[in-house]
Protein chains: 2
Amino acid sequence: MSAVPFLSVANTARWVRERGLTTVLADLTEAIEADFRRWPDFDKTPRVAAHSTDGVIELMPVADATSYGFKYVNGHPLNPTRGFQTVTAFGVLADVLNGYPTFLSEMTVLTALRTAATSAMAARALCRPNPTTMALIGTGSQAEFQAAAFQQVLGVDRVRAWDVDPAAVRKFLRNAAELGIDAVAAESAEDAVRGADIITTCTADKAYATVLTDDMVSAGVHVNAIGGDCPGKTELDRAILERASVFVEYEPQTRIEGELQQLPADFRPTELWQVLTGVVPGRTSAEEITVFDSVGFAVEDFSTLRYVFEAVRGTELVEYLDVVADPADPKDLFALVSAARVPA
Amino acid sequence: MSAVPFLSVANTARWVRERGLTTVLADLTEAIEADFRRWPDFDKTPRVAAHSTDGVIELMPVADATSYGFKYVNGHPLNPTRGFQTVTAFGVLADVLNGYPTFLSEMTVLTALRTAATSAMAARALCRPNPTTMALIGTGSQAEFQAAAFQQVLGVDRVRAWDVDPAAVRKFLRNAAELGIDAVAAESAEDAVRGADIITTCTADKAYATVLTDDMVSAGVHVNAIGGDCPGKTELDRAILERASVFVEYEPQTRIEGELQQLPADFRPTELWQVLTGVVPGRTSAEEITVFDSVGFAVEDFSTLRYVFEAVRGTELVEYLDVVADPADPKDLFALVSAARVPA
């Protein structure tokens with residue numbers, strides 16, 4: 001039997017608790033940045049999306065010369081009203097040489113971690129030095145992961161939180177206290193952004209929303225826009241994008257899904273890997289507004305799967321799945337279903 | 001825990017043995033045809049391929065209004081020389097309404113079954129009445145499944161087999177005897193096609209090969225061409241395609257991967273669903289040469305996953321995987337990794 005290592009939800013959660021959330025976020029930030037720095041090594045494609053009335057299901061493949069990875073992920077903004085999560089995911093690594101899967105993992109928890117680590121990585125490259133305060137607009141599943149990553153990677157220890165759902169804000173404040181973050185509930189989105197060095201928008205509506213209007217963004221702010229990630233789903237006032245410097249993960253995908261949807265085809269954002277490798281400058285003045293128009297790209301999941309697999313392989317956290325057929329003669333698959341050769 | 005039903009390789013094989021290979025092939029042929037008859041219901045896209053020197057890894061998604069499915073599959077022609085199979089696969093069904101996975105299954109065995117069932121479905125619609133003899137060029141993993149499907153669905157009980165690997169031919173003859181098929185080893189590909197009503201080509205080289213030359217194809221023959229399924233990988237002499245009627249699964253994908261690669265962009269094949277629904281005639285004379293330029297399309301896997309899931313759900317063949325996180329509050333994913341709230 002050619003058994004494939006499998007990391008369950010329970011064992012992913014246990015691994016994060018044992019290793020420590022902040023350690024995992026710090027490690028992931030470095031792992032993702034290391035892969036962004038070797039961007040040309042990857043065979044990249046915009047993710048493949050199946051849209052329906054209520055949401056989207058996406059496949060996100062990427063490969064380098066030796067490893068292939070993909071993630072299955074959904075986005076269904078109405079799910080929490082039905083008792084389901086907005087986003088769930090799982091992912092797979094495979095060996096490019098023979099095409100066999102090498103690792104299958106839950107990625108609902110891992111997606112939350114990698115999204116936060118990617119945001120922190122981008123902010124570290126783009127925001128003003130020594131940020132202390134983040135406005136957090138949208139306090140759903142992703143909120144605590146964002147707060148923890150910005151605290152760990154950038155030292156941001158104050159968060160001003162706002163959400164249309166007051167219960168979600170209370171949930172965030174409770175969790176933020178556990179993380180040692182000085183979090184307050186804002187009266188409104190306008191109130192949340194007051195004095196913030198960084199504004200994170202992570203709302204889930206599948207609509208052209210304006211979570212952030214132009215007057216809410218002061219000079220020098222870094223906007224971490226992670227909720228506009230689907231055709232027809234944006235968060236920012238177009239005027240913000242027009243006076244900001246806009247940075248993206250992978251332009252062909254962001255063009256379809258990100259805030260870029262609002263801009264003409266000749267608008268040229270900067271791909272983040274170019275800043276991380278020093279090819280293109282990031283922020284050039286203290287007054288500049290920087291926007292990370294983040295939609296989530298397959299390389300982030302690839303880095304995460306590889307990092308997690310290295311951390312858990314061979315440990316008791318890994319189970320093994322009989323998901324790859326392994327006939328004794330590789331050309332005799334029929335032997336597996338032959339009535340005359342029932343296995344012992 | 002939101003556990004996802006999982007069908008392993010061992011349990012897939014057991015299910016096929018218990019239900020009977022020929023019954024499964026007959027049922028799958030009908031299940032796939034039923035979905036081809038409602039072709040416009042599906043959200044279709046060419047599969048997403050990651051090519052490398054030695055092979056390809058592909059993701060094949062498709063959805064109707066209520067169900068989504070995808071398959072992961074590789075194709076590595078040199079794999080058998082290293083003790084691995086050319087093709088392995090697994091697949092997933094999901095609920096379009098909330099995006100949650102509903103079924104995960106091995107699909108190495110299932111791909112062999114659905115490929116054979118699709119071939120039989122196409123031949124039933126396109127070949128002359130009452131075929132008795134099939135030439136089988138390429139006797140790898142797929143060979144016995146093809147022979148069994150054509151025997152079951154069309155009554156073809158004689159097979160003339162050829163492969164460049166004599167051990168693979170001997171393997172096929174042993175297995176064919178178990179299936180009650182009158183199979184003989186041909187001296188060459190030219191010898192194999194003598195007197196055949198149907199010619200099946202299922203070789204694996206990733207190259208522009210000419211497995212079948214123009215002079216080998218007599219009037220009235222149906223060619224079931226399943227091995228040309230990748231950019232740069234074809235099996236048929238172009239002259240055959242030029243004097244035959246060519247039928248495909250989904251033209252945008254076959255254009256990239258199939259024998260169609262050899263033909264100009266203005267060549268118009270017929271999509272098989274149009275024949276199955278009676279919109280377009282299939283064979284129009286006894287002398288006509290028909291070619292099914294098959295590359296394998298996602299609808300076939302979708303039909304197969306749905307059929308198999310219906311057959312096995314609730315039985316002891318199904319295991320359950322903890323692969324979808326399920327926090328008590330769907331907006332409190334952090335609870336799963338909170339150090340303060342370790343689960344009991």
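Here is the naming used below: chain letters follow the sequence lines, and residue numbers restart at 1 for every chain. FYI, side chains are in, hydrogens and waters are out, and symmetry mates aren't considered; it's all heavy atoms of this structure.
When the heavy atoms of residues 163-172 of chain B are compared with those of chain A, the residues falling under 4.5 Å are B:Asp165, B:Ala168, B:Lys171, listed by number.
The contact between B:Asn79 and chain A is made entirely by side chain atoms (from C-beta outward), counting heavy-atom distances below 4.5 Å. Of the two parts of B:Arg82, only the side chain, counted from C-beta on, holds a non-hydrogen atom closer than 4.5 Å to a non-hydrogen atom of chain A. If you measure heavy-atom distances from B:Asp95 to chain A, the contacts under 4.5 Å come from the backbone alone. Within the 4.5 angstrom heavy-atom criterion, only side-chain atoms of B:Leu104, from C-beta onward, approach chain A.
Interatomic distance, OG1 of B:Thr304 versus CG of B:Leu28, reported as 4.5 Å (0.5 Å rounding).
One N or O on the side chain of B:Gln253 and one on the backbone of B:Gly296 form a donor-acceptor pair closer than 3.5 Å.
Among B:Leu305, B:Val92, B:Thr111, the single residue meeting the side chain to side chain contact (heavy atoms under 4.5 Å, CB included) criterion with B:Lys71 is B:Thr111.
Taking the six-membered ring wherever Trp is involved, the centroid distance between the rings of B:Phe42 and B:Phe297 does not fall below 6.0 Å.
Ranking A:Ala325, A:Ser8, A:Ala63, A:Ala143 against chain B, the residue ahead of the rest is A:Ala325, based on heavy-atom pairs under 4.5 Å.
Classified by interplanar angle (parallel below 30°, tilted 30° to 60°, perpendicular above 60°), the ring pair A:Tyr72/A:Phe90 is parallel.
The minimum heavy-atom distance between B:His76 and B:Ser52, with the atom names listed, is NE2-OG, 4.3 Å.
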